[in-house]
Amino acid sequence: MNQLRYWLLKSEPGSFSIDDLAACPDQTTQWDGVRNYQARNYLRDRMQPGDLGFFYHSNCRQPGIVGIVEIRSAGYPDPTAFDPESPYFDPKSRIDRPRWFMVDVRLVEKFSRPVTLKQLQQHREVLEGLTLLRRGHRLSIMPVAPEHWHFILSLAGKL
DNA sequence: GCCAACGTTGGC
DNA sequence: GCCAACGTTGGC
């Protein structure tokens, strides 16, 4: 078994919030629709069942980390790319040569007290190198260093 | 392979 | 709604 990793997964609560995840059967969903190559590489090559991730709400009134999810599968081809009816359809992704990947994600817990982006920014020194805090970052899937993971957990009152 | 134009992201 | 930052596209 490889070392488990930590992640941060962004979602716009207007389209899919942590409450939406909580409402899913088995509190599990397919994390589909990722259309960025770097994020794709993480999904396809790095994520493994048992990894944990922060669920981050972006592009909303109060951006921040709202809970924890568990990665429940390795990466596998994202079928929405093959579906002409899907907003995520990509004709360049073919069944025999899939371009986009996804994983299954299950809710572990929703924080009673989210860790806001503002809070994270107040600890720039400790969180040095956290991709989320880098200027102009746009990755929707990013790795989180173990020390950052634990520090953020402490901000959430979980340690 | 360069690079300008364009579309998207996402905090504010 | 603004706009800076970024990724992608496509002409050359």
Side-chain angles (χ1 to χ4, degrees), chain A residues 5-24 29-47 51-69 71 75-105 107-145 147-149 151-158:
Chain A
R5 297 189 170 91
Y6 299 111
W7 303 95
L8 184 144
L9 285 67
K10 278 191 212 167
S11 186
E12 303 192 8
S15 39
F16 190 81
S17 71
I18 195 163
D19 290 328
D20 294 327
L21 178 57
C24 287
T29 192
Q30 300 178 315
W31 203 265
D32 60 16
V34 174
R35 295 294 179 267
N36 167 283
Y37 286 103
Q38 197 175 346
R40 186 278 310 270
N41 293 345
Y42 288 137
L43 290 168
R44 186 189 59 187
D45 306 332
R46 290 276 176 263
M47 279 191 181
D51 284 0
L52 296 176
F54 287 131
F55 194 117
Y56 180 86
H57 279 174
S58 69
N59 204 11
C60 56
R61 197 182 51 78
Q62 183 172 264
I65 294 167
V66 292
I68 295 174
V69 296
I71 309 305
Y76 61 103
D78 179 348
T80 64
F82 308 133
D83 175 8
E85 303 297 308
S86 167
Y88 301 127
F89 177 59
D90 180 356
K92 285 178 275 190
S93 184
R94 305 188 332 216
I95 302 258
D96 56 328
R97 224 168 199 274
R99 172 173 302 206
W100 303 115
F101 286 71
M102 65 184 191
V103 295
D104 297 341
V105 160
L107 181 64
V108 172
E109 76 168 300
K110 176 185 171 179
F111 291 157
S112 51
R113 172 159 59 94
V115 179
T116 64
L117 178 60
K118 190 169 288 184
Q119 273 180 280
L120 296 172
Q121 288 166 337
Q122 285 165 356
H123 297 280
R124 283 196 168 276
E125 316 76 41
V126 189
L127 295 173
E128 173 75 42
L130 182 69
T131 305
L132 184 76
L133 296 183
R134 285 221 290 268
R135 219 162 76 99
H137 76 90
R138 287 174 45 175
L139 265 186
S140 62
I141 307 253
M142 64 187 76
V144 174
E147 57 271 28
H148 292 164
W149 175 270
F151 179 74
I152 293 169
L153 280 187
S154 75
L155 292 181
K158 295 295 169 190

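To find a chain, count down the sequence lines: A is the first, B the second, and so on, and within it residues start at 1. Computation of the quantities below employed the complete heavy-atom set of this structure, encompassing side-chain atoms and omitting hydrogens, waters and symmetry-equivalent molecules.
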Can you check the [X] [atom1] to [N] [atom2] distance for me, whole Å?
X       : N       : atom1 : atom2 : result
Q38(A)  : dT8(B)  : CD    : P     : 20 Å
W100(A) : dT8(C)  : CH2   : C1'   : 10 Å
L133(A) : dT9(B)  : CG    : C1'   : 16 Å
K92(A)  : dG7(C)  : NZ    : C1'   : 13 Å
Q62(A)  : dC12(B) : CD    : P     : 12 Å
R40(A)  : dT8(C)  : CZ    : P     : 10 Å
R135(A) : dA5(C)  : CZ    : P     : 4 Å
L117(A) : dG11(B) : CG    : P     : 6 Å

Between N or O atoms, less than 3.5 Å apart, protein on one side and nucleotides 1-3 of chain B on the other: list the pairs.
none

Assess the side chains of [X] and [Y]: does a donor N or O sit below 3.5 Å from an acceptor N or O?
X       : Y      : answer
Y76(A)  : R44(A) : no
D83(A)  : T80(A) : no
D104(A) : W31(A) : no
E12(A)  : Y56(A) : no

CA sep, side-chain torsions, deciding dist, call: Y42(A), W7(A), ring-ring contact (aromatic ring centres under 6.0 Å, His included): CA-CA 9 Å; Y42(A) 288 137; W7(A) 303 95; 5.4 Å; yes
Side chain to side chain, F82(A) and P98(A), heavy atoms closer than 4.5 Å: yes
Within-4.5 Å side-chain heavy-atom neighbours: I65(A) and P114(A):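 They are not in contact (no side-chain heavy atoms under 4.5 Å apart), so the answer is no.
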Side-chain N or O of Y56(A) closer than 4.0 Å to phosphate OP1/OP2 of dT9(B): no
K10(A) vs dG11(B): side-chain N/O to OP1/OP2 distance below 4.0 Å: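 Looking at the OP1 and OP2 atoms of dG11(B), neither is under 4.0 Å from any side-chain N or O of K10(A).
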Sugar-phosphate only, base, or nothing, as touched by Q121(A) at under 4.0 Å among non-hydrogen atoms: sugar-phosphate
Residue whose nearest DNA chain C nucleotide is more 5′ - N59(A) or R35(A):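 Comparing both residues, the 5'-ward one is N59(A).
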Given dG10(B), dG11(B), dT8(C), the nucleotide with the shortest approach to the side chain of P63(A):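 In terms of side-chain proximity for P63(A), the closest of dG10(B), dG11(B), dT8(C) is dG11(B).
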